[in-house]
Novice: 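Got a structure for you, questions after.
These numbers were taken from a predicted model, which means no experiment stands behind them. Lettering follows sequence order; numbering is per chain, from 1.
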2 protein chains.
Amino acid sequence: MKTTRRYGKKADLALTMWVKLARAATTFGHMTGENIRSFGLTQPQFGALECLGHLGPMTIGELCRKHLVSGGNMTVVVDNLQKEGYVERIPSPTDRRSVLVQLTPKGRKLFESIFSEHARFITSLAGVLSEPEQKELSRLLKKLGTSLAKGAM
Amino acid sequence: MKTTRRYGKKADLALTMWVKLARAATTFGHMTGENIRSFGLTQPQFGALECLGHLGPMTIGELCRKHLVSGGNMTVVVDNLQKEGYVERIPSPTDRRSVLVQLTPKGRKLFESIFSEHARFITSLAGVLSEPEQKELSRLLKKLGTSLAKGAM
DNA sequence: TTTGAATAATTTAAATTTGAACAATAACTC
DNA sequence: GAGTTATTGTTCAAATTTAAATTATTCAAA
């Protein structure tokens, strides 16, 4: 899809990069989303579960920052996980405004039973790139992401 | 953020790549979204306007496939653009099920007045990567995205 | 050619997400 | 310490998005 140069070489480079970034992320997201739904979870629910499973209890705010979503949203996501009995809210011992979210035994069991399968699925999807390519892609995405986030402060 | 190897080297590589992809795309999206809102448009509205402006009239279905969103969604996006007088629906001459969407003169005027500014903004964001890095990132994202999309068929 | 399957767009209901307003608590400044 | 400013989580309304059901049309096969 070679388009004519409409806005100058640099701009066209940046624009096509942005389109490809959006498309790759959306496609990847759709496919992992399907896999996740087969576990009976939504994508954000799974994301929160994964964070808590790998990193331990954390506040709503930390979950928000990790997933780049609004506070109102994460409250709902945690509400729904709590309704299913996968997580529980406990008051933070150090800050009475904060609430710690942690996996229940049921939540940990679910996490452990599904995450390795999910990891296999992700690995098979990523397999269309060689390992060096995956490393390079990770490096570039990290550089892009962190530079943008820093620039926004 | 060096994590321990939990699921094997290949899986960890794939998992961190996926996290970085999601974060970079979301951050980039947030920032371009802010810029787009300053034009009085939502992100999907802008996306449709851009498609129509660069590629000419096309059906709702084509807009869906370009943006990887559901048909119901694109119907609403086009509805809203139409309410603002930026696009119009015309019946397809070749298929009576289809509807062609095209920019109105007002829509084209808006498109031309804002897109070059938007291109400058995107270019400045992308500037955190060198040009060779942007090229390489584009190549890898394209390979990832198209391979995944193909695999899904 | 007519029946049946597939496709295009819309509608509807439900879920997700955001942003703003709010209450409670913490941190800071004078 | 008192008073101001920031931060944390929740609630609410509105916008976005999806998936399923619906209608209309086209395509294909017998």
Novice: How far apart are the C-alpha atoms of B:Arg37 and B:Glu34, what are their side-chain angles, what is the distance that settles it, and do they pass the salt bridge (Lys or Arg N to Asp or Glu O under 4.0 Å) test?
Specialist: CA-CA 5 Å; B:Arg37 258 191 303 285; B:Glu34 266 182 64; 5.6 Å; no
Novice: Using a heavy-atom distance cut-off of less than 4.0 Å, which residues of residues 42-60 of chain A contact DNA chain C?
Specialist: A:Thr42, A:Pro44
Novice: Describe, as an angle rounded to 10 degrees, how the axis at the first end of the helix from C:dT1-D:dA30 to C:dC30-D:dG1 is tilted relative to the axis at the last end, five pairs per end.
Specialist: 30°
Novice: Separation of B:Leu41 atom CG from D:dT16 atom C1', in whole Å?
Specialist: 15 Å
Novice: With a 4.0 Å heavy-atom cut-off, tell me which residues in residues 89-102 of chain B come close to DNA chain C, sorted by residue number.
Specialist: B:Arg89, B:Arg97, B:Ser98, B:Val99
Novice: What is the distance, to the nearest angstrom, from the CG atom on B:Leu63 to the P atom on D:dT17?
Specialist: 14 Å
Novice: Please examine the side chains of A:Arg65 and A:Glu62, heavy atoms only from C-beta on, and report whether any two atoms are closer than 4.5 Å.
Specialist: yes
Novice: Could you check if a side-chain atom of A:Leu100 sits within less than 4.5 angstrom of a side-chain atom of A:Pro93, using non-hydrogen atoms only?
Specialist: yes
Novice: Considering non-hydrogen atoms only, spot the tightest contact between B:Met74 and B:Cys64 and give its length.
Specialist: CB-SG, 3.5 Å
Novice: Tell me the interatomic distance from B:His67, atom NE2, to D:dT18, atom P, rounded to whole angstroms.
Specialist: 12 Å
Novice: Could you pull out all donor-acceptor pairs under 3.5 Å where a side-chain atom in residues 116-126 of chain B meets a protein atom, sequence neighbours excluded?
Specialist:
residue, atom, partner, partner atom, Å
B:His118, ND1, B:Asn35, ND2, 3.4
B:Thr123, OG1, B:Ala119, O, 2.5
B:Ser124, OG, B:Phe121, O, 2.8

Novice: Which distance, rounded to the nearest 0.5 Å, do you find between the CG of A:Leu81 and the CG of A:Leu41?
Specialist: 7.0 Å
Novice: Partners of A:His30 by side chain to side chain contact (heavy atoms under 4.5 Å, CB included), sequence neighbours excluded?
Specialist: A:Thr26, B:Leu68
Novice: What is the distance, rounded to the nearest whole Å, between atom CD of A:Glu62 and atom P of D:dT7?
Specialist: 15 Å
Novice: Show, in sequence, the C-alpha distance, side-chain angles and deciding distance for A:Glu133 and B:Arg139, and conclude whether the salt bridge (Lys or Arg N to Asp or Glu O under 4.0 Å) test is met.
Specialist: CA-CA 10 Å; A:Glu133 283 178 327; B:Arg139 182 186 77 79; 3.4 Å; yes
Novice: Are any of the side-chain heavy atoms of A:Arg89 and A:Asp79 separated by less than 4.5 Å?
Specialist: yes
Novice: Over how many whole Å does the gap from B:Asp79 atom CG to D:dT17 atom C1' extend?
Specialist: 14 Å
Novice: Rounding to an integer number of Å, can you tell me how far B:Lys83 NZ sits from D:dA15 P?
Specialist: 10 Å
Novice: Hey, do the aromatic rings of B:Tyr7 and A:His54 have their centres closer than 6.0 Å?
Specialist: yes
Novice: Take B:Glu131 and B:Lys135 through the test salt bridge (Lys or Arg N to Asp or Glu O under 4.0 Å) and record every step on the way to the result.
Specialist: CA-CA 6 Å; B:Glu131 288 191 33; B:Lys135 273 189 193 142; 5.3 Å; no
Novice: Just do the salt bridge (Lys or Arg N to Asp or Glu O under 4.0 Å) check on B:Lys106 and B:Glu84 with the steps written out, would you?
Specialist: CA-CA 9 Å; B:Lys106 181 181 175 188; B:Glu84 302 287 338; 5.4 Å; no
Novice: Considering only heavy atoms, which members of residues 69-78 of chain B lie under 4.0 Å from some atom of DNA chain D?
Specialist: B:Val69, B:Ser70, B:Gly72, B:Asn73
Novice: Test B:Gln82 against B:Glu88 for side-chain hydrogen bond (donor to acceptor under 3.5 Å, both in side chains), laying out the working first.
Specialist: CA-CA 6 Å; B:Gln82 196 168 15; B:Glu88 56 194 351; over 6 Å; no
